[in-house]
Amino acid sequence: MAAAMTVNTPEEQQKHKASRGEVVVDPFSKHPLQNRWALWFFKNDKSKTWQDNLRLVTKFDTVEDFWALYSHIQLASKLTSGCDYSLFKDGIEPMWEDSWNKRGGRWLITLAKQQRHTELDRFWLETLLCLIGEMFSDYSDEVCGAVINIRAKGDKIAIWTREAENRDGVIHIGRIYKEHLGLSSKVVIGYQAHADTATKSGSLMKNKFVV
Ligand code: MGP
């Protein structure tokens, strides 16, 4: 007669090893991110208000769930014009009106039309990794999120920070961001306060800072 077999779950096996003082590396555990993030999608339907066109897709807080999501959704370059993705810290809505954004602004990367096929997806992935990897050291708390706008006139990517008057923080974030994108020192990027963006038309936009 066959002996009765004890089938332990992986969790039970880990506990048993730990109780014997063995070092346990849990192959099933995911790697937590410092923050939980929410991905939003905007699709331009002119019959609706701007806010009604904005939809929460999902939230994640581990490295593995980030990659699962990233590989599941359309690349930004494949979206139709008028669409946006936004990635914001959980609890912050991707709009100027949110209390975390209203005194803030954005480092804006404006792309030429042809860069959609050469740089856009790389820049956006790099932006996402800067956010979830908390790449801005002491100033990572200043970061609210990032937005990519797919537009026929030229795509845009921006990192939104919460306090446009925090000069040191804003400049630090801008410098590190530019470095991660691999932009040459000849390329100048500008930071604009949301309060100005919300009230002025594109060509009159004034940069508060540049790096
Ligand atoms: P946009 O989508 O940020 O850029 O803003 P786009 O389409 O390139 O247009 P441009 O004006 O920068 O050339 C387009 C419009 O969407 C704005 O003029 C607002 O009417 C609206 N909008 C954009 N944002 C980010 C917000 C927001 O945070 N709150 C509200 N209420 N409206 C917004």
Side-chain angles (χ1 to χ4, degrees), residues 35 37-59 73-128 130-131 141-166 169-170 173-174 177 181 183 187-211:
N35 279 288
W37 297 88
L39 179 75
W40 300 74
F41 180 64
F42 178 95
K43 190 165 169 44
N44 195 7
D45 174 346
K46 293 204 170 79
S47 69
K48 293 187 189 162
T49 65
W50 184 86
Q51 295 204 0
D52 286 341
N53 282 328
L54 190 61
R55 287 287 144 94
L56 173 67
V57 179
T58 189
K59 296 180 183 184
I73 59 173
Q74 287 265 18
L75 281 174
S77 62
K78 298 281 185 291
L79 296 176
T80 52
S81 287
C83 290
D84 305 336
Y85 281 137
S86 301
L87 188 79
F88 274 70
K89 286 177 180 164
D90 186 20
I92 308 180
E93 293 192 314
M95 53 183 77
W96 307 318
E97 293 84 352
D98 190 284
S99 61
W100 286 88
N101 295 321
K102 66 181 183 204
R103 286 178 306 280
R106 62 174 177 175
W107 278 111
L108 180 63
I109 312 293
T110 53
L111 290 96
K113 285 181 191 176
Q114 65 271 21
Q115 287 180 290
R116 183 177 298 175
H117 307 291
T118 54
E119 259 118 7
L120 184 76
D121 292 324
R122 183 173 65 80
F123 281 179
W124 179 235
L125 178 58
E126 209 51 63
T127 305
L128 297 175
C130 280
L131 261 56
D141 284 350
E142 287 291 311
V143 171
C144 296
V147 182
I148 183 165
N149 305 121
I150 305 303
R151 299 290 183 272
K153 64 188 175 189
D155 305 321
K156 294 180 276 185
I157 299 179
I159 288 189
W160 287 30
T161 73
R162 71 178 163 136
E163 180 52 72
E165 298 303 325
N166 182 347
V170 170
I173 290 168
Y177 185 34
L181 294 181
L183 298 178
V187 177
V188 173
I189 62 171
Y191 182 92
Q192 300 138 14
H194 296 315
D196 292 342
T197 309
T199 52
K200 286 179 195 151
S201 75
S203 57
L204 296 171
M205 197 74 70
K206 238 185 78 197
N207 287 327
K208 225 173 143 56
F209 306 106
V210 293
V211 291

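Order of listing sets the numbers, starting from 1, for every ligand and every atom in it. Excluded from the calculations below are hydrogen atoms, water molecules and symmetry mates; all remaining heavy atoms, backbone and side chain alike, are included. Note that the numbering runs from 1 along the sequence shown for the chain.
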Side chain proximity check, Thr161 to His194, heavy atoms < 4.5 angstrom: no
Lys153 neighbourhood, listing ligand 1 atoms whose heavy-atom distance to it stays under 4.0 Å: 6 (P), 8 (O), 9 (O), 10 (P), 13 (O)
Side chain or backbone of Trp50 under 4.0 Å from ligand 1, or both, or neither, by non-hydrogen atoms? side chain
Does even one non-hydrogen atom of His194 get within less than 4.0 Å of ligand 1? no
ring-ring contact (aromatic ring centres under 6.0 Å, His included) partners of Tyr85, counting only residues at least two apart: Phe41
Return yes or no for this condition: an N or O of Lys156 is under 3.5 Å from an N or O of ligand 1. yes
So that I know where these two stand, are Phe42 and Trp50 an aromatic pair - ring centroids less than 6.0 Å apart? yes
Please report whether ligand 1 has a polar contact with Arg151, defined as an N or O pair separated by less than 3.5 Å (distance criterion only). yes
Of the choices Glu97, Met95, Glu93, which has the non-hydrogen atom that lies closest to atom 31 (N) of ligand 1? Glu97
With sequence neighbours left out, write down each residue that passes ring-ring contact (aromatic ring centres under 6.0 Å, His included) with Phe88, or none if nothing qualifies. Trp160
Heavy-atom donor-acceptor pair, Arg116 side chain to Leu111 backbone, under 3.5 Å: no
